Amino acid sequence: QVHLVESGGGLVQPGKSLRLSCAASGMILGINTMAWYREAAGKERELVASIEANGVTNYADSAQGRFTISRDNAKKTMYLQMNSLKPEDTAVYYCKVNFQVDPISGMDYWGKGTPVTVSS
């Protein structure tokens with residue numbers, strides 16, 4: 001089985017930084033797209049940032065310029081560096097990874113989430 005574990009969430013003041021990690025484990029042939037989503041209270045889960053196997057990244061407008069997504073394939077880990085945090089960034093952040101489970105098939109897996117609270 002494939003497992004994803006997020007870490008790094010917590011309580012921070014506005015303007016501060018936080019670094020989230022998502023570590024993968026299990027029997028996988030390869031890692032395709034990796035992404036971070038977030039779900040705020042009363043809102044739908046939304047894409048924050050994604051990164052392809054070749055390193056190409058995509059960011060939500062709300063994250064552009066403040067957040068940086070990266071990956072370390074050797075460690076099977078993805079990161080989200082969040083700077084200049086705002087109260088509206090408060091949410092549970094989820095890791096989603098598309099794994100290559102056989103030579104022709106990929107499958108999405110979700111982590112359980114790590115909460116981030118930005119408040120003074």
Side-chain angles (χ1 to χ4, degrees):
Q1 293 185 347
V2 177
H3 300 278
L4 297 176
V5 180
E6 302 103 327
S7 62
L11 282 70
V12 297
Q13 296 188 67
K16 298 298 183 179
S17 299
L18 211 56
R19 183 172 182 258
L20 306 183
S21 298
C22 173
S25 62
M27 296 292 98
I28 54 178
L29 296 181
I31 302 175
N32 302 314
T33 303
M34 306 181 82
W36 286 100
Y37 286 74
R38 68 185 180 189
E39 186 173 326
K43 295 186 176 182
E44 295 185 350
R45 189 172 299 185
E46 63 177 1
L47 175 68
V48 178
S50 65
I51 182 167
E52 306 298 328
N54 62 8
V56 174
T57 58
N58 179 64
Y59 296 92
D61 289 341
S62 60
Q64 186 71 48
R66 298 188 299 124
F67 295 1
T68 302
I69 188 171
S70 61
R71 60 192 287 168
D72 185 330
N73 291 330
K75 295 181 178 180
K76 299 179 182 178
T77 302
M78 171 178 65
Y79 307 94
L80 183 67
Q81 178 66 44
M82 303 186 293
N83 298 326
S84 301
L85 284 163
K86 305 174 181 179
E88 48 264 46
D89 293 318
T90 297
V92 176
Y93 285 69
Y94 296 90
C95 169
K96 188 186 83 172
V97 180
N98 185 273
F99 293 101
Q100 200 70 32
V101 296
D102 63 50
I104 61 171
S105 302
M107 183 174 291
D108 288 339
Y109 287 83
W110 289 88
K112 297 299 181 182
T114 184
V116 171
T117 301
V118 184
S119 177
S120 60

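Since we're looking at a predicted model, the values are computed, not measured. Count residues from 1 along the sequence.
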Backbone of I69 reached by a side-chain donor or acceptor of Q81 within 3.5 Å: no
Whether over 12 other heavy atoms sit under 6.0 Å from E88 CD: yes
Distance in Å, S50 OG paired with K96 NZ, rounded so as to fall on 0.5 Å steps: 8.5 Å
Residue pair V97 / V2, side-chain heavy-atom distance below 4.5 Å: no
Interatomic spacing from OG1 in T114 to CG in L80 - rounded to 0.5 Å: 11.0 Å
Common cluster, M78/L18, ILVMFWY with side-chain heavy-atom separation under 4.5 Å: yes
Working for side-chain contact (heavy atoms from CB on, under 4.5 Å), residues Y94 and L4: CA-CA 10 Å; Y94 296 90; L4 297 176; over 6 Å; no
Y109-V48 co-clustered via ILVMFWY side chain contacts under 4.5 Å: yes
Spacing of M34 atom CE and N98 atom CG [to the nearest 0.5 Å]: 10.5 Å
Backbone of I51 reached by a side-chain donor or acceptor of T57 within 3.5 Å: no
Y37 with I31, same ILVMFWY side-chain cluster at under 4.5 Å: no
Aromatic ring proximity Y59/F67, centre distance under 6.0 Å: no
Donor-acceptor contact present, side-chain E6 to main-chain C95, <3.5 Å: yes
Side-chain heavy-atom pair K86, V118 within 4.5 angstrom cut-off: no
Note, S21 side chain near K75 side chain (heavy atom, < 4.5 Å): no
Linked, directly or transitively: L20 and L11 (ILVMFWY side chains, under 4.5 Å): no
Euclidean distance, E39 CD relative to E46 CD, rounded to 0.5 Å: 10.0 Å
From OH (Y93) to CZ (R38), nearest 0.5 Å: 4.0 Å
Exceeds 12 heavy-atom contacts within 6.0 angstrom, atom CG of N54: yes
Check: R71 side chain, E52 main-chain N or O, donor-acceptor pair, under 3.5 Å: yes
Side-chain heavy atoms of I28 within contact of K76, under 4.5 Å: yes
For the student: nearest non-hydrogen atoms of S120 and P14, plus distance: N-CD, 3.7 Å
Nearest-0.5 Å distance that lies between atom CG in L29 and atom CD1 in I104: 11.5 Å
Flag side-chain contact, heavy atom, 4.5 Å: D89 against R66: yes
Flag side-chain contact, heavy atom, 4.5 Å: M82 against W36: no
